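Read the structure below first, then the notes.
Computed from a predicted model, the values in this text were never measured in an experiment. Each chain gets a letter, A, B and so on, in the order the sequences are listed, and its residues count up from 1.
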Amino acid sequence: MTAQPTADDPKTEAELDLESKQEDVERSFAGPGERLEILSPDGTVRPGTEAPMSTEQVRDALRWMMLSRTVDVRAISLQRQGRMGTFSAVRGQEASVVGSSFALDPARDWIVPQYRELPGVVRHGFPLDGYLLYWMGNPAGGRVPDGVKVLPLQIALAAQLPHAVGLGWGLKLQGSESVVATYFGDGASSEGDSHEAMNLAGVMRAPVVFFLQNNGWAISTPRTKQTAAANFASRAEGYGFPGVIVDGNDLFAVYAAMREAVERARTGGGPTLIESQTYRMGAHNTADDPTRYMEPVELSGWDERDPIRRVTAWLRSQDAWDDDAEREMQAGIDRQVDEAIESAEAFAPPNPEQIYTHVYADPPERLRAQQRAALDSH
Amino acid sequence: MTAQPTADDPKTEAELDLESKQEDVERSFAGPGERLEILSPDGTVRPGTEAPMSTEQVRDALRWMMLSRTVDVRAISLQRQGRMGTFSAVRGQEASVVGSSFALDPARDWIVPQYRELPGVVRHGFPLDGYLLYWMGNPAGGRVPDGVKVLPLQIALAAQLPHAVGLGWGLKLQGSESVVATYFGDGASSEGDSHEAMNLAGVMRAPVVFFLQNNGWAISTPRTKQTAAANFASRAEGYGFPGVIVDGNDLFAVYAAMREAVERARTGGGPTLIESQTYRMGAHNTADDPTRYMEPVELSGWDERDPIRRVTAWLRSQDAWDDDAEREMQAGIDRQVDEAIESAEAFAPPNPEQIYTHVYADPPERLRAQQRAALDSH
Amino acid sequence: MATMTMIEAIRSALREEMARDERVVALGQDIGQLGGVFRATDGLLKEFGADRVFDMPLAEGVIAGSALGLAVSGLVPVAEIQFLGFTHQAFHQIAPQIARYRYRSQGRYNAQVTIRTPFGGGVRTPELHSDAIEAQFVQAPGLKVVMPSNPYDAKGMLLEAIRDPDPVLFCEPLRGYRLVKGEVPEGDYTVPFGQSRVTREGSDVTLVAWSAAVQLAERAAERLAEEGIEAKVLDLRTLVPLDVEGLVSAVESTGRCVVVHEAPLTAGFGAEVVATLQEEAFYSLEAPVARVAAPDTPYPIASIEDYYVPSVERVVDAVRRTVSAK
Amino acid sequence: MATMTMIEAIRSALREEMARDERVVALGQDIGQLGGVFRATDGLLKEFGADRVFDMPLAEGVIAGSALGLAVSGLVPVAEIQFLGFTHQAFHQIAPQIARYRYRSQGRYNAQVTIRTPFGGGVRTPELHSDAIEAQFVQAPGLKVVMPSNPYDAKGMLLEAIRDPDPVLFCEPLRGYRLVKGEVPEGDYTVPFGQSRVTREGSDVTLVAWSAAVQLAERAAERLAEEGIEAKVLDLRTLVPLDVEGLVSAVESTGRCVVVHEAPLTAGFGAEVVATLQEEAFYSLEAPVARVAAPDTPYPIASIEDYYVPSVERVVDAVRRTVSAK
Ligand SMILES: Cc1ncc(C[n+]2csc(CCOP(=O)(O)OP(=O)(O)O)c2C)c(N)n1
Ligand SMILES: Cc1ncc(C[n+]2csc(CCOP(=O)(O)OP(=O)(O)O)c2C)c(N)n1
Ligand SMILES: [Mg+2]
Ligand SMILES: [Mg+2]
């Protein structure tokens, strides 16, 4: 083998690897000079740009972002207590998820999620207690309430993308003006489904926004091991539609880019790929131990890019935020989250019979017999 | 449904469809101004460019191109006589296949084919009679002779691309300077495998040249229904390596682009995607009826772009070709093809026992028992 | 009633249902202008227009996956995968996605998706075109697996499939497309799933088959009749749902059984047939149930495929052994 | 001999073989720096370097497909697919490509590829992580399907798999990773494929199982012993090759049999076990062979999975019925 580490100095490899990993993380934020950025880390709006949302909207968005952060903390602690299964926190990606969802109209647009978009799908109408129920392992949590335009969470990465394209294309064929927003990660982008779906969306000019959350990691795999491309947005050209990069920790940039993409889709302009460059500020999920592959600096050093801090700084600069407002909002959120957890935990306990329901509209006789036998024995 | 044809005038749709299809075919040749072109349809070298091959090399390449065309004609006639199975002709793509293969060194480089690269794999060492044997349905035709660096023909479109990447990457890990050239069609490019393979090749900087033969069609599906992208080469950016477009009916351009890509791969520069814009001058295969989806003009109008005609025109302009030379070369080719057909037809007839061989190195006892039982009964 | 080939029956089901229900859309490779590589969709583009008949990019995964999305949008997609051997490429969308969407969403969404796809040997196709991998889809709960053997069933079951609120993998016997003819009603009718059919009566042994193997079993039965063995032929018609009752009663009536299929023996659906009979009809079996199947090898190249696909001789042999056992 | 968990046994096989044979390379998602989501590859990157241990992009198809190419290049790849449920995404590369490459090339190329992948229920994983879809790979001739149940076999069979010139799907029981412990020799040894093993003697009934279901069968056997029923437990160890002789003789010795597996009943590999017994041991069977399996539904969500995966009670019940039959 070429370039194999010498047997007596195996550490060199590991060290080299770490160095390059740190570079990687930086690189995943080095947009090609065309990254849309509006709200700086210090909370000021960059020269030549302006806030695309009203102060009221921003406060509302902030509330969803804070809610998301609160749910993260509570869910992780519930998981540690054995009251919740594996949970994937949104921490660090609140601007990315909330900003994009704010450009959608829950009355007509659809969200086709991966699994790390809690505030987006809840804002879109999926009840928070139902969402928690799902991660508590209760089958009832899988049911999106009637009328709520959200598809089920997806565990098989990228498998949701073909569904989103079919949905958007089908709605367009039926003369609807609905837009479909689908979410996926930098990791999921490597799956064949991601290619097949984007290519078809281009051909059919389906009203779909592909919202790629590049949070720098797929579990332990850094972005630069995921692809050698400088960015993901450049893939769109190969499918015949626009691709844009936004600072995913910048609520305004995310919202503005998404609003434009949604408008394009709605008016027949076809799909857009948005690469939202954000950062997973923590573990992949409650089963993950990021100290095995992230440097301490990576784990802590992103606080200054915290998307929530930026928004509060901006609101303060507009005299629309202060400590009291924060306390008040947090108190309301705490109550809401308490209630949702209570409601989820008070939900009818799962029933073994649910194993057999919703497999078919009209189950084969053999499955009915299996169900009867199982119920006899429980 | 929106925009549905009115029931009393269903033809409009079909007519519209035909018009757009004609546009499509044109469009698939409209490179973004960066298409590499050297040899014009009239056989002259374009201003500012020069022939990248010696006259001797060109004559040799021409011989492979004429051989290919001759095999096409003979194979189709054998198929009509029931002496050959389904066969996919190369007609129209001779410059694309031969020009690219000429940049490869059969002693060290590998070809990982789809199924429409006959002169390339034969030049690389796969015997012509063996190739014919494969399409005659004889299992022996599947065996690439030892030492010949060609992988088996691939029927599942794009499935060869991951293999090519693994092969190139593995050779590189072992310190080899070999390059892997893999072929696929505009149709195959839509498969998830195509994306996963190119992305991995970028990450591993594998010495692989992805040679995409955009011949305008995937059976009856025109290029513009395959993708909304202006070209396929632009996909390379999304994988972090160069993509180039060449006039695939131009032997010189194909050779020059391939030579550069092979050199880059060999010297550690990683993969290249080459989109060779060519044209399938005939049916998809012997089972296909292109009059159902191609206009007569499409079927005949490409003769002036005939890649062979261009090369002979250039050779004539160099005083290196005349009717005698052509007659002589054709006579030699005819003899060679006759012999290959004869040899293939004289090959040991297939044997039912071949069903059972080469499934495992050491077949499970149950399979051995099946084999014994079958042989008893035949 | 008109006499039709399999392919005509399939085409007429598609045409009639698209005329009847404007939510029905057809999608697949080469199904539009070309009318499909076997012409199953011939004329549909012209009749129903480019907003209901779609030539798709060459990507089986997204043909299947987008069909699920179309269904969620309110349309009724009928997708063609050019050959069952290429459903391999769509397996991750069919088994863990389409088949489970009702379950995953706890009934909120259902995948009213039909996937039509030809398969089976004996027609000298290139590699992978003849693969009989139907059993692999039986372990995908939520999906129905439908295997018509004749034009009447093909039309009636395709109409049933398109209207079924759950996803259906509809496998069409390539070999029978033009060879197998039969009477087919002009208008609307459906053949319900989960009902096997005795296509020939007999009291000595029951031959169980589906798809093209039914004709094989029938030819074997004719041959056996010449030597005085009366074989009943049971066409399973659907693997999921499985007509356990019909299967058991057909086999109980003869006490002996041979299962015939084109897929390789080991873990083919024949194994399930035997296991089911063994559980439900153990005390009626007078001899082991025999399986006649392809060997445990990949589908071979054209010139030797006739030694691979089960033959009349092999079925006859197996029956002889079965009836003389004990 | 040291006592090891399953995961330790697997890790030691990988480590030793990579040290022994420098052609061996490991590839998969998160297997490098993280050491795999279950730590099966922990330490390999550090010990063998970044030219032999590869964190792969998130794309199962190309993990499998490139492993075939690596093998052709002369290396010996051991690929990890994070969960068997995600082999769905690689199915088109495993079944019709890797499994057939020797056949397709008529012996010129062989795919010396090992695909390791955990599966099985009872550990509260999210959807698709527990799917037991092993039977779907049995209909992929050319592939071997290996199902160790304990640390000794895990190490010996993984070494056998890596050295096998043909491709092996090596399924690891998730539930057993840390729970199942056993004696494991330090050095080199292999466990040949196609040899089942009796893990407990008994004369009244034979329990046939593989992977985590072996422990289940053993627990049931203990329970049954309390009521005076002596159950033999047979660990099949490999589904392909299938040890027909061992299976038949284990069942003939008791005349009664119950097969236990985690996959859904219909067309699970249990069907093949029953069909084989029925063909080869018909006259020794004193009662129908029973199957204890998951129902024909998708793997359910965590809180109800214990009602889905076969339980000791269900096995005990089935055995009681089987021994009292006739
Ligand atoms: C098809 C598939 N392969 C593997 C996994 C296991 N897995 C779960 S999450 C994950 C990483 C996902 O990364 P990314 O798409 O970037 O999303 P993120 O978690 O960063 O939001 C992996 C590999 C899976 N769920 N699905
Ligand atoms: C995975 C797969 N799907 C479908 C087919 C059937 N098929 C054979 S050739 C072909 C068109 C291929 O088009 P392209 O890749 O452009 O190659 P070309 O024939 O033009 O050289 C199709 C759809 C196949 N062989 N493999
Ligand atoms: Mg990520
Ligand atoms: Mg083409």
In terms of the angle between their ring planes, are C:F91 and D:F91 parallel, tilted or perpendicular, with boundaries placed at 30° and 60°?
-> parallel
Measure [X] against the heavy atoms of chain C and call it side chain, backbone, both or neither at under 4.5 Å.
| X | value |
| --- | --- |
| D:L285 | both |
| D:A294 | neither |
| D:Y283 | side chain |
| D:P295 | neither |

Partner chain C: residue of D:H92, D:R104, D:Q139 with the largest heavy-atom pair count (under 4.5 Å) | D:Q139
Just wondering, do D:Q278 and C:L277 contact through their side chains at under 4.5 Å, heavy atoms?
-> no
Just wondering, do C:P300 and D:Y103 contact through their side chains at under 4.5 Å, heavy atoms?
-> yes
Which of C:A267, C:A325, C:G268 touches chain D most, by non-hydrogen pairs under 4.5 Å = C:A267
Going from CD on C:E272 to CG on D:L265, what distance comes out if it is rounded to the nearest 0.5 angstrom?
-> 5.5 Å
When rounded to the nearest 0.5 Å, the distance separating CD1 of D:I301 from CD of C:Q106 is 7.5 Å
Minimum heavy-atom separation for C:V289 to D:E279, with atom names?
-> O-CG, 3.8 Å
